[in-house]
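So you know, we letter chains A, B, ... as the sequences are listed, proteins then strands, and number each from 1. The structure presented is a predicted model; accordingly, all values stated were derived computationally and were not measured. Heavy atoms only: backbone and side chains are in, while hydrogens, waters and symmetry mates are out.
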Amino acid sequence: MPELPEVETTLRGVTPWLKGAKIAAIAVRQPSLRWPVTPGIEHQVAGQTIVDLSRRAKYLCIHLQRGSMLIHLGMSGSLRIVSAGDEWRKHDHIELQLTSGRSLRYHDPRRFGSWLWSEQAHWQLQNLGPEPLTEYFDGEHLYALSRGRKVAVKPFVMTNAIVVGVGNIYASEALFMTGIRPDRSAGRIALARYQQLATNIKSVLTRAIEQGGTTLRDFVNSSGAPGYFQQQLLVYGRAGQNCLVCHTTLREQRLGQRSSVYCIECQR
DNA sequence: ACACTAACCTGCAAGC
DNA sequence: TGCTTGCAGGTTAGTG
């Protein structure tokens with residue numbers, strides 16, 4: 001669920017229900033997440049109006065009249081709109097209750113996500129690289145920051161200080177699309193290839209967001225259907241299967257504790 | 001500054 | 001069937 005396109009899809013799905021709404025209360029059943037849910041958050045947000053919502057990296061931000069709530073979905077988190085009185089499912093940890101009778105429910109089996117409130121800027125948003133879908137991210141940026149770096153290119157582009165929002169799936173896909181082996185040293189890739197890589201990162205993220213529309217309704221309706229983009233993955237999750245371009249058996253290796261699938265013929 | 005590892009936690013699938 | 005092992009969309013903290 002929680003790739004940048006999923007977070008963006010979630011944002012678009014819940015915004016119409018939340019923007020301008022007034023918070024009646026927040027119920028925290030399980031405060032033990034990646035970081036403890038901000039102590040006293042109940043008293044801080046109750047009665048406030050939601051001014052706006054936004055996304056930065058994979059964080060979702062709910063802006064209040066005073067302060068903001070910063071939500072991360074971790075590896076297994078999701079948000080959905082429920083009606084008052086809807087039964088709680090296992091791993092539903094937090095409910096943001098609105099005066100409208102609707103609520104935003106936070107669900108996260110592995111509890112790697114977070115839900116924080118702060119009156120000040122959140123430190124988690126410090127030192128983040130550019131958004132991949134803006135003009136501030138391009139091949140020149142990757143090229144400049146990679147000079148002298150020996151780290152493999154895949155963990156390099158997955159580093160939030162370099163560029164945000166490129167997770168294991170889309171890093172794998174973009175590297176395949178560009179024909180770059182995931183274990184190639186980041187500092188030994190030419191500018192032209194980084195320009196192609198940046199273009200492909202934008203392309204794959206954009207396409208995934210476009211198809212998030214299907215997932216969007218799932219979130220709102222809480223039907224739990226799987227993501228639609230999954231059907232178009234070229235290498236991620238396909239180790240041992242044939243490359244869709246040259247039919248060579250796709251290989252898998254671990255880089256930075258992440259499985260990386262690639263084609264030894266198409267990627268150099 | 002950089003490269004790399006362990007850790008957080010639950011669920012699920014594969015292997016024995 | 002039941003137990004063990006390893007892996008999963010992320011990020012930080014700690015080690016050299």
Output the distance between atom OG (A:S78) and atom CG (A:D92), rounded to the nearest 0.5 Å.
8.0 Å

When you check the phosphate oxygens OP1 and OP2 of C:dG9, does a side-chain N or O of A:K58 lie under 4.0 Å from one of them?
no

Stem ranges of DNA chain C by first residue number, counting only runs of at least 3 Watson-Crick or G-U pairs under 3.5 Å, come to B:2-8 with C:10-16, B:10-16 with C:2-8

Return the nearest nucleotide to the side chain of A:R34; candidates are C:dA8, C:dT12, B:dT5.
C:dT12

In whole Å, what is the span from the NE2 atom of A:H72 to the C1' atom of C:dG9?
10 Å

Do A:R34 and A:D108 sit within salt-bridge range, that is, some charged N less than 4.0 Å from a carboxylate O?
no

Hey, are the side chains of A:L4 and A:P132 touching, using non-hydrogen atoms and a 4.5 Å cut-off?
yes

A:D92 CG - B:dT10 P separation (whole Å):
15 Å

Once the angle between the rings of A:Y106 and A:H93 is folded into 0 to 90°, is it parallel (under 30°), tilted (30 to 60°) or perpendicular (over 60°)?
tilted

Respond yes when some side-chain nitrogen or oxygen of A:K90 is under 4.0 Å from OP1 or OP2 of B:dT10, and no when none is.
no

A:F156 vs A:Y194 aromatic rings, parallel, tilted or perpendicular, using cut-offs 30° and 60°?
tilted

Check the side chains of A:S83 and A:R102 for a donor-acceptor pair under 3.5 angstrom, ignoring hydrogens and angles.
yes

Identify, residue by residue, the members of residues 106-119 of chain A with a heavy atom below 4.0 Å from DNA chain C, and return them in order of residue number, or none.
A:R110, A:F112

Using a 4.0 Å heavy-atom cut-off, does A:S32 contact any base of the nucleic acid, only the sugar-phosphate backbone, or nothing at all?
nothing

Using a cut-off of 4.0 Å on non-hydrogen atoms, how would the nucleic acid contact of A:Y170 be classed: base, sugar-phosphate, or nothing?
nothing

Determine: side-chain N/O of A:S76 to OP1/OP2 of B:dC9, distance under 4.0 Å, yes or no.
no

A:H91 vs B:dC9: side-chain N/O to OP1/OP2 distance below 4.0 Å
no

May I ask you to decide whether A:D52 forms a salt bridge with A:K19, counting only side-chain N to carboxylate O separations under 4.0 Å?
yes

Strictly below 4.0 Å, heavy-atom distances to any atom of DNA chain C: list the hits from residues 136-166 of chain A, or just say none.
A:N160

To the nearest 0.5 Å, how far apart are CG in A:L205 and CD in A:E173?
11.0 Å

